[in-house]
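Accompanying notes for the structure given below.
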Amino acid sequence: PRYQRFMQSDQRVAWIPRDSTVSHRIEAGVNEGRLSLFAVLDTETMTRLAAEPGKSSSSGFDALSTMFLIILIVSAFIARANMRQGRADVRSAIRLGVFMASLTMISSMLVSHSLINEQATARGIFTGVLSAAIYLAVEPYVRRSWPTMLVSWSRLMGRTASGARDPVVGRAVLAGVLMGGSVLLVWDFGLVAFQAREGIPIAIDLRWIPGLLGQREIWSLTVERVTWGVIEGLSLTFLMVLSRLLLRRPVPSAVLAATLWLLPDIVALLAERGDPAELIFQTLILLTIITLMMLVLFRWGLVGVIVMNVT
């Protein structure tokens with residue numbers, strides 16, 4: 001083991017390839033008999049870890065945070081206007097906000113050493129307020145311009161006797177699962193094909209390795225994925241409404257919404273300054289994903305997009 005800038009481990013091991021042409025190594029560790037580290041490191045990552053720790057920053061995360069903050073501010077003004085005109089569904093917005101805040105705090109509590117902490121509470125409040133504000137802002141416009149987007153959502157929220165058992169909801173869930181699985185296949189097969197073409201050693205994607213740390217980690221990741229899926233679905237719907245209000249025409253509005261949605265990812269890719277071929281490949285994959293999300297949103301509604309992102 002060479003690098004200590006990982007989570008705590010009381011026993012560390014490392015695997016080094018015998019083939020000198022392979023630049024990857026594996027770092028692993030256990031803490032109190034449970035797996036706490038398993039990382040595949042390439043040359044770039046090893047060089048970064050060998051350097052002195054500095055102030056960390058992420059252009060993509062900063063752009064995403066800025067976008068969510070702008071969405072919150074703009075949606076708050078639109079929601080206020082809708083409430084003044086008596087067009088807002090305040091009851092459903094409050095239910096959604098409480099639901100999202102609860103999910104966010106539960107996800108943090110599952111992996112926290114304390115039941116309640118300030119960070120989890122702040123994240124929960126922000127997520128709940130953001131979700132409620134977006135819903136109050138977009139619901140009247142979506143119901144008037146694209147009513148099919150909210151049919152499955154309305155039935156899922158209990159406006160019919162069948163609720164979650166409604167066939168329309170089931171169809172949206174099935175479409176979301178199929179499209180989400182298709183995105184995963186496109187990404188994985190495309191990545192493998194690109195790496196094989198460029199002669200890059202194929203590495204296992206271990207971003208979700210915390211799931212091996214126990215059931216609490218698994219449930220936390222699951223709840224967090226549900227929360228993020230709802231936020232992504234609502235945010236994409238908000239960008240569609242905002243673009244339609246600005247441009248008035250459907251096709252340019254969809255293009256603008258997709259561009260705004262991809263902006264944080266594009267900023268992150270440009271900040272990495274990686275191989276141009278890899279940048280083009282990842283951009284094409286992102287365009288494929290947003291195209292499928294738009295298709296699901298218009299054809300099967302908000303529930304389909306949420307399930308697709310959760311998948």
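Residue numbers start at 1 and run along the sequence shown. Note that the structure is predicted; figures quoted are calculated from it, not measured.
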Notebook entry, point to check: If two hydrophobic side chains count as joined below 4.5 Å and joins carry through other members, does I70 share a cluster with V241?
Noted result: yes
Next item on the list: Return yes if some donor-acceptor pair links the side-chain N/O of S75 with the main-chain N/O of L72 below 3.5 Å, else return no.
Entry: yes
Check: So if you build clusters from Ile, Leu, Val, Met, Phe, Trp, Tyr with side-chain heavy-atom gaps below 4.5 Å, do L184 and L174 land together?
Finding: no
Margin query: Is the ring pair F281/W187 parallel, tilted or perpendicular, if the boundaries are 30 and 60 degrees?
Written below: tilted
Next item on the list: Determine, step by step, whether R171 and W300 satisfy the side-chain contact (heavy atoms from CB on, under 4.5 Å) criterion, reporting the C-alpha distance in whole Å, the side-chain angles of both residues, the deciding distance to 0.1 Å, and the verdict.
Entry: CA-CA 8 Å; R171 183 178 61 183; W300 291 284; 3.9 Å; yes
Next item on the list: Go through the steps for L262 and L287 under the test side-chain contact (heavy atoms from CB on, under 4.5 Å), then give the verdict.
Entry: CA-CA 8 Å; L262 293 176; L287 289 174; 3.6 Å; yes
Margin query: Quick check: do N82 and L136 have side-chain heavy atoms less than 4.5 Å from each other?
Written below: no
Notebook entry, point to check: Is it true that R225 and E232 have a side-chain N and a carboxylate O under 4.0 angstrom from each other?
Noted result: yes
Notebook entry, point to check: Shortest non-hydrogen contact from V305 to G233?
Noted result: CG1-CA, 3.8 Å
Next item on the list: Answer yes or no: are there more than 12 heavy-atom neighbours, outside R91 itself, under 6.0 Å from its atom CZ?
Entry: no
Notebook entry, point to check: F68 and W261: aromatic ring centres closer than 6.0 Å?
Noted result: no
Next item on the list: Using distance alone, with no hydrogens and no angle criterion, decide if E224 and W228 have a side-chain donor and acceptor under 3.5 Å apart.
Entry: no
Note to self: I want to check something: taking the side chain as every heavy atom from C-beta on, are M149 and F298 in contact at a cut-off of under 4.5 Å?
What the structure shows: yes
Check: Could you state the interatomic distance from CZ (R155) to CG (L150), rounded to the nearest 0.5 Å?
Finding: 12.5 Å
Check: How long is the gap from CG on L245 to CD1 on I78, to the nearest 0.5 Å?
Finding: 6.0 Å
Check: Side chains of M67 and L64: closer than 4.5 Å at any heavy-atom pair?
Finding: yes
Checklist line | Any side-chain heavy-atom pair of L302 and L234 under 4.5 Å | finding: yes
Notebook entry, point to check: Can you name the nearest heavy-atom pair linking L242 to V74, along with the distance?
Noted result: CD1-CG1, 4.4 Å
Notebook entry, point to check: Would you say the side chain of I280 lies within less than 4.5 Å of the side chain of L284, judging by non-hydrogen atoms?
Noted result: yes
Check: In Å and rounded to the nearest 0.5 Å, what is the OG1 to CD1 distance from T66 to I71?
Finding: 11.0 Å
Notebook entry, point to check: How many angstroms lie between CD1 in I306 and CD1 in I231, if you round to the nearest 0.5 Å?
Noted result: 9.5 Å
Check: Do we get R87 above Y141's six-membered ring, with its NZ or CZ under 6.0 Å from the centre and within 45° of the axis?
Finding: yes
Note to self: Can you confirm whether the side chains of R244 and S145 place a donor and an acceptor under 3.5 Å from each other?
What the structure shows: no
Margin query: I'd like to know if I134 and L96 are part of one continuous hydrophobic network [Ile/Leu/Val/Met/Phe/Trp/Tyr, side-chain heavy atoms within less than 4.5 Å].
Written below: yes
Next item on the list: Would you check if the side chain of S220 reaches a backbone N or O of S107 as a donor-acceptor pair within less than 3.5 Å?
Entry: yes
Notebook entry, point to check: Hey, are the side chains of I290 and L236 touching, using non-hydrogen atoms and a 4.5 Å cut-off?
Noted result: yes
Item checked: Where A254 and M294 come nearest, the two heavy atoms and their spacing -> O-CE, 3.5 Å
Margin query: Would a single hydrophobic cluster contain both V90 and V138, if residues Ile, Leu, Val, Met, Phe, Trp and Tyr are joined by side-chain heavy-atom contacts under 4.5 Å?
Written below: no
Next item on the list: Can you measure from OH (Y135) to CZ (F238) and round to the nearest 0.5 angstrom?
Entry: 16.0 Å
Margin query: Can you give me the closest heavy-atom contact between V177 and T311, atom names plus distance?
Written below: CA-OG1, 3.7 Å
Item checked: Shortest non-hydrogen contact from M308 toward V296 -> SD-CG2, 3.9 Å
Next item on the list: Taking the side chain as every heavy atom from C-beta outward, state whether S108 and Q119 have any atom pair closer than 4.5 Å.
Entry: no
Check: With a 4.5 Å heavy-atom cut-off, do L295 and M179 have their side chains touching?
Finding: yes
Next item on the list: Looking only at non-hydrogen atoms, find the nearest pair between G29 and R12 and report the distance.
Entry: CA-CD, 4.1 Å
Item checked: Euclidean distance, M100 CE relative to M105 CE, rounded to 0.5 Å -> 11.5 Å
Check: Run the side-chain contact (heavy atoms from CB on, under 4.5 Å) check on L263 and T259 step by step: do they pass?
Finding: CA-CA 6 Å; L263 187 60; T259 303; 5.9 Å; no
Check: Do L297 and L239 belong together in a cluster built from hydrophobic side chains that touch within less than 4.5 Å?
Finding: yes
Notebook entry, point to check: Where do R143 and S154 land on the side-chain contact (heavy atoms from CB on, under 4.5 Å) test, with the steps shown first?
Noted result: CA-CA 10 Å; R143 194 168 298 282; S154 298; 3.5 Å; yes
